[in-house]
Structures are given as structure tokens and as C-alpha cells.
2 protein chains.
Amino acid sequence: MLLAERHQLILEQLNLHGRITSVELAKSLAVSEDTIRRDLNKLGELKLLHRVHGGALVMQEETPDYFDRLNTPDPSKKRFLEPALNMLEAGQTIVIDSGETCRYLAQNLPANLPLTVVTGCPLIVQDLMQQPQVQVIQIGGKMFKPAMRTVGHSAIEMLKQIRFDIVFMGICAFHAKHGFCVSYLEEAEVLRATIEQADRTVLMGPHDKLDKTKTYQIVPAHKINHLITDKGIRQDVQSSIQALGIELTIVPSN
Amino acid sequence: MLLAERHQLILEQLNLHGRITSVELAKSLAVSEDTIRRDLNKLGELKLLHRVHGGALVMQEETPDYFDRLNTPDPSKKRFLEPALNMLEAGQTIVIDSGETCRYLAQNLPANLPLTVVTGCPLIVQDLMQQPQVQVIQIGGKMFKPAMRTVGHSAIEMLKQIRFDIVFMGICAFHAKHGFCVSYLEEAEVLRATIEQADRTVLMGPHDKLDKTKTYQIVPAHKINHLITDKGIRQDVQSSIQALGIELTIVPSN
DNA sequence: TAGCATTTTGCATGTTCCTGCGCTTTTTTG
DNA sequence: CAAAAAAGCGCAGGAACATGCAAAATGCTA
């Protein structure tokens with residue numbers, strides 16, 4: 001095998017997995033680890049990868065402006081992130097639903113935490129594709145424009161074959177008596193199927209979405225495990241939520 | 001054997017395998033390694049191949065990293081669109097594969113033509129979401145970063161349940177004898193499943209992708225129905241393609 | 001066709017580059 | 001702090017390379 005050819009294969013493997021160890025490369029390319037080390041050092045000098053002890057990581061590129069054009073998000077929603085990020089552990093499989101708050105979560109996942117992230121929203125898939133430590137599973141199906149996500153039988157069938165550690169969703173409407181609701185039947189169906197597969201469901205959103213209802217109930221309130229909202233929540237609403245055994249995290253208002 | 005003739009043979013061998021060593025060439029062409037080295041150096045100067053220690057690699061214009069290409073789109077690829085757009089009829093279900101040429105197609109669909117468009121690329125999904133006359137079906141599965149598309153068993157199973165009128169794909173490598181090829185096994189599997197479900201498969205791409213091969217064959221050449229390429233295609237290549245019964249459309253070079 | 005210049009080719013030479021091994025040093029991990 | 005893993009260093013054999021030169025092939029002109 002030619003040296004230059006081996007360099008190409010190394011970069012290919014690296015882009016594929018986001019990370020690579022010297023030992024793996026030496027084995028798969030059938031050369032000594034010394035040779036691999038020399039390769040990685042050279043490629044590192046050329047700024048084609050990020051050389052680290054034990055192997056290499058993909059070059060962290062700064063966020064292309066391409067993604068900034070997509071929308072003009074509201075940075076105040078970032079305040080919901082911290083409690084959510086603290087729940088994450090290496091190796092988990094999580095769902096990040098569609099919506100602006102969820103998108104912030106996808107964009108701000110810790111760089112050193114390997115995760116499998118499942119989503120039906122193409123915008124979030126794009127955000128996640130830039131993070132080498134994340135494996136991305138895209139839920140297929142008919143695109144449903146109002147929610148910017150896939151819905152329908154195909155989507156539900158695919159969801160049924162995966163088990164999730166945590167599901168993160170934005171709050172559309174939550175009510176202690178009427179549960180977690182949305183405005184569209186198709187969306188409710190697919191969100192219900194998602195929650196069904198999860199060990200733990202976490203909702204994030206401002207307090208004014210609480211004590212509200214919409215036409216279609218996804219699940220009753222007690223199926224939700226954790227709510228992250230901001231200050232301003234009414235005392236009686238807070239009590240009724242906690243009475244259901246739902247963990248409540250309240251972040252400062254913007 | 002004439003020098004120019006040998007140069008031609010070297011380039012042919014190179015396109016066929018993507019790589020070639022001086023030793024192999026010296027043996028197969030029955031000349032000394034010194035002569036081969038001189039040949040390779042000259043061809044390297046002419047930018048017809050990538051000269052490396054021990055042999056040569058094919059010149060690769062494409063960047064393996066999809067995100068680099070996104071930031072520098074090449075509008076000249078739009079010239080392939082017109083013949084493709086003329087094939088479309090109202091009510092059809094079509095596939096638009098991933099890739100830059102395909103993305104231009106997705107962005108330039110006629111506004112008055114209702115279509116169902118299927119794709120596994122989230123970028124293309126997003127382009128299509130802005131077009132109200134188009135219903136979008138997203139193919140689910142594991143996201144495969146080098147090709148910016150979904151792959152794997154889930155994707156193939158979902159594809160098997162849909163029938164397509166036309167499949168549009170970019171040419172990665174096409175060879176009359178070795179068929180339609182790509183560099184990755186996962187990609188080949190899902191593209192094969194896609195073509196299997198289609199009445200008609202149309203490839204679009206510049207002429208320098210013809211008479212080339214990559215590691216994995218998707219389908220043999222005769223499974224392709226229509227090729228859209230640009231001027232510059234060699235006469236013998238053109239003949240061999242038409243001999244297979246493949247319709248050929250040649251657009252002006254940029 | 002003969003004569004001469006140019007190009008191409010193969011060989012011999014010395015040089016550079018690539019690779020694996022043994023060794024020591026540094027880093028990581030429990 | 002100790003064991004293990006990874007890295008760095010130098011060396012030697014071999015492969016690939018560049019260079020010079022002479023023989024062979026080719027092209028051009030008289």
C-alpha cells in the first residue's frame with residue numbers, strides 16, 4: 001500500500017467516525033503502530049486532523065455561516081439548556097425533538113460526550129452532523145411542514161424499534177389535568193410513540209406554556225418525568241405538577 | 001509501444017483502480033521502472049494524475065467533506081438541470097439523491113408542478129420544505145456523514161415500500177463495463193435499493209466522472225436509463241454508453 | 001539512402017524516503 | 001505511586017528516487 005493512499009484511508013476513517021485510535025488503524029491497515037503514529041503526526045502538521053494522545057480527532061471547524069442563515073433564533077431560550085445538559089451521560093441514546101429550544105440543545109451538546117441522538121427534524125440533523133462525537137439517527141416519514149418534522153406510520157414504525165434513555169421536547173402546552181398537548185393530530189401520534197419508547201421524558205419551555213391546553217393530548221401529565229421552565233410559574237400550578245411526582249427545575253427568567 | 005500510447009494506458013489503468021504503483025506498471029507494460037517514473041512525473045506535471053511516492057493516485061477534485069462543498073457551491077452545475085426538469089410530470093413520485101447537483105435540482109423544481117419527492121438528505125429536505133407544491137418524504141436511518149444522507153437497514157426497508165417514477169442521482173463514477181460506482185459500501189447498498197424501486201434512473205454529472213470506477217458497484221451500467229453529462233465526453237465512451245441502450249443527453253460545458 | 005540531431009530507453013550510481021524493531025521517556029489510569 | 005499504554009528516538013534494511021551516461025530508436029534534411 002502506498003503511503004499517500006494510507007493517508008487518504010486514515011482521513012476517510014476519521015471523517016466517518018469522528019475519532020480513531022492508533023491501534024485500530026494499525027490493525028485495519030496492517031502496518032506497525034510506529035508507522036501510524038508517523039502518519040498521524042504528519043497529517044496533524046498539515047492540519048488535516050487533530051492529533052491527540054492515542055489517536056486523532058477530526059478538525060473542529062468553526063460553525064459555517066451557512067447554518068446561521070437558516071433562522072434568527074432567540075438566544076434567551078438557552079437558559080433552559082444547563083439542567084438538560086447535566087442529565088446526559090456518555091453512551092446514552094436520546095431524542096431531541098423539533099423546535100427552537102430543542103435546536104439549541106442540539107447545537108450545544110458537550111463535545112466530549114459520545115451520544116446517539118435520534119430526531120425527525122432535518123434542521124437538527126444538520127446541527128448534529130457537525131459534532132463528531134454524536135451518531136445521528138434520522139426518523140423517516142412524511143415531512144409535516146407546520147412542525148418541521150416527520151410524521152406518519154413510517155415514522156412511528158421506526159420509532160418502535162428504538163429504545164431511548166431520555167426524550168427532550170419543547171413544551172407546546174402542558175396542563176396537570178389535560179396532560180401534554182399539541183395542535184396537530186399527526187404530531188401528537190408521533191410524539192406519543194416517541195415517549196412510549198423512553199425511560200424518561202423531559203419537557204423544556206417558558207412558564208407561560210404551563211396550565212394551557214391544545215386540541216390533541218399526547219400523553220397524560222403523569223407520563224412526564226421532568227419539567228424545565230423559568231421563574232413566573234404560579235404557585236398553584238407548581239404544586240399540582242409536583243403532586244404528580246414530576247421533577248421540576250426552575251431557571252431564572254431572561 | 002509509443003510513449004503517448006503508454007501514457008494513455010497508464011491513465012486508463014489509473015481511472016480503473018484509483019491507484020497504481022510504479023512496479024505494477026513496469027511489469028504490465030514491460031518497460032523499466034525508470035521509464036514508468038519518468039512517465040508518472042510528466043503526467044503529474046500535466047495535472048493528469050496525483051504523483052506520490054511509489055506510484056500515483058487519481059486526481060480528485062471533490063472534497064470528501066460535505067460541509068466544505070456547501071460553503072463553496074458551484075453554480076455551473078446548474079447546466080444539467082434543464083433536461084432533468086423536462087422529464088417531470090405532475091403527480092409523479094421522484095427521488096432526489098444527495099449531492100450538489102441534486103441539490104440544485106431540488107431548489108429549482110417548477111413551482112406549478114405537484115410532486116412527491118423522496119430523499120435521504122436533510123439539506124434537500126429543507127430546500128424542498130420551502131416549496132408548497134411538493135410533498136416531501138424523508139428516508140430515515142443512520143446518518144452517514146461522508147455522503148450527508150441516511151443509510152442502513154431502516155433506510156432500505158423504508159425504500160422498499162415506495163415505488164418511484166424517476167430517480168435522479170449525481171454521477172460519482174460511471175463505467176460501461178464496471179457500472180455505476182461509489183466509494184462507500186453503506187452508500188452503495190442504499191442507492192441500489194433505491195434504483196431497484198424505480199421505473200427510470202437518471203444520472204447527472206460532468207463528463208470527467210465517466211469511464212471512472214470506485215470501490216463499490218451499485219448496479220451494472222445497463223440498469224441506468226438516462227445519462228446527462230456535458231461536452232468533452234470521449235467518442236469511444238459515448239459509443240459504449242449508447243451501445244448499452246442508455247439515453248444520452250449532452251449539455252454545453254460551463 | 002546516408003548523415004545528423006533529437007528523443008527515448010535502460011542501466012549504474014549515489015541519495016532520499018519509508019518502515020519495523022529495540023530502546024527510553026512521557027502520559028494515562030487505577 | 002506503580003503498571004500499562006502511548007509516544008519519541010535512533011538505527012538498519014530495503015524500496016523508491018534522481019542523476020548521468022550510453023545505446024537504441026526516431027525524425028529531419030540533404
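To find a chain, count down the sequence lines: A is the first, B the second, and so on, and within it residues start at 1. On a predicted model such as this, the values are computed, not experimentally measured, just so you know.
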Chemist: Please determine whether a side-chain nitrogen of the Lys or Arg among B:K209 and B:D211 lies less than 4.0 Å from a carboxylate oxygen of the Asp or Glu.
Modeler: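 Here B:K209 does not pair with B:D211 in a salt bridge, since their nearest N and O are not under 4.0 Å apart.
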
Chemist: Rounding to 10 degrees, work out the angle separating the end axes of the helix from C:dT1-D:dA30 to C:dG30-D:dC1 (five pairs an end).
Modeler: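 Terminal axis comparison yields 40°.
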
Chemist: State which residues pass side chain to side chain contact (heavy atoms under 4.5 Å, CB included) with A:T35; sequence neighbours excluded, sorted by chain then number.
Modeler: A:R6, A:V31, A:S32, A:R38, A:D39

Chemist: Could you identify which residues of residues 34-42 of chain B place a heavy atom less than 4.0 Å from some atom of DNA chain D, listed by residue number, or say none?
Modeler: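 Within residues 34-42 of chain B, the residues near DNA chain D are B:D34, B:R37, B:N41.
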
Chemist: Let me confirm one number: the CG-CG distance from A:L57 to A:L14, rounded to the nearest 0.5 Å.
Modeler: 7.5 Å

Chemist: Show every salt bridge (Lys or Arg N to Asp or Glu O under 4.0 Å) that has at least one partner inside residues 237-254 of chain B, sequence neighbours left out.
Modeler: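 Matches after skipping sequence neighbours: B:R200-B:E247.
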
Chemist: B:E186: what forms a salt bridge (charged side-chain N to carboxylate O under 4.0 Å, His left out) with it, not counting sequence neighbours?
Modeler: none

Chemist: Taking 5' to 3' order, which nucleotide of DNA chain D is first and which is last to have an atom within less than 4.0 Å of a heavy atom in chain B?
Modeler: D:dA16 to D:dT19

Chemist: State which residues pass salt bridge (charged side-chain N to carboxylate O under 4.0 Å, His left out) with B:R51; sequence neighbours excluded, sorted by chain then number.
Modeler: none

Chemist: Using a cut-off of strictly less than 4.0 Å between a heavy atom of the residue and any atom of DNA chain C, enumerate the qualifying residues of residues 21-32 of chain B by number.
Modeler: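 Result for residues 21-32 of chain B: B:V31, B:S32, sorted by number.
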
Chemist: Round to a whole Å and report the spacing from CG of A:L3 to C1' of C:dT16.
Modeler: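 Result: 14 Å.
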
Chemist: Between the protein and nucleotides 24-30 of chain C, list the N/O to N/O atom pairs that are separated by less than 3.5 angstrom.
Modeler:
none

Chemist: Which residues pass the ring-ring contact (aromatic ring centres under 6.0 Å, His included) test with B:H178, sequence neighbours left out?
Modeler: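 Result, ring-ring contact (aromatic ring centres under 6.0 Å, His included) vs B:H178: B:H175.
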
Chemist: B:F144: which residues meet the ring-ring contact (aromatic ring centres under 6.0 Å, His included) condition with it, sequence neighbours left out?
Modeler: B:Y184

Chemist: B:K27: which residues meet the salt bridge (charged side-chain N to carboxylate O under 4.0 Å, His left out) condition with it, sequence neighbours left out?
Modeler: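 So B:K27 forms no salt bridge (charged side-chain N to carboxylate O under 4.0 Å, His left out) with any residue.
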
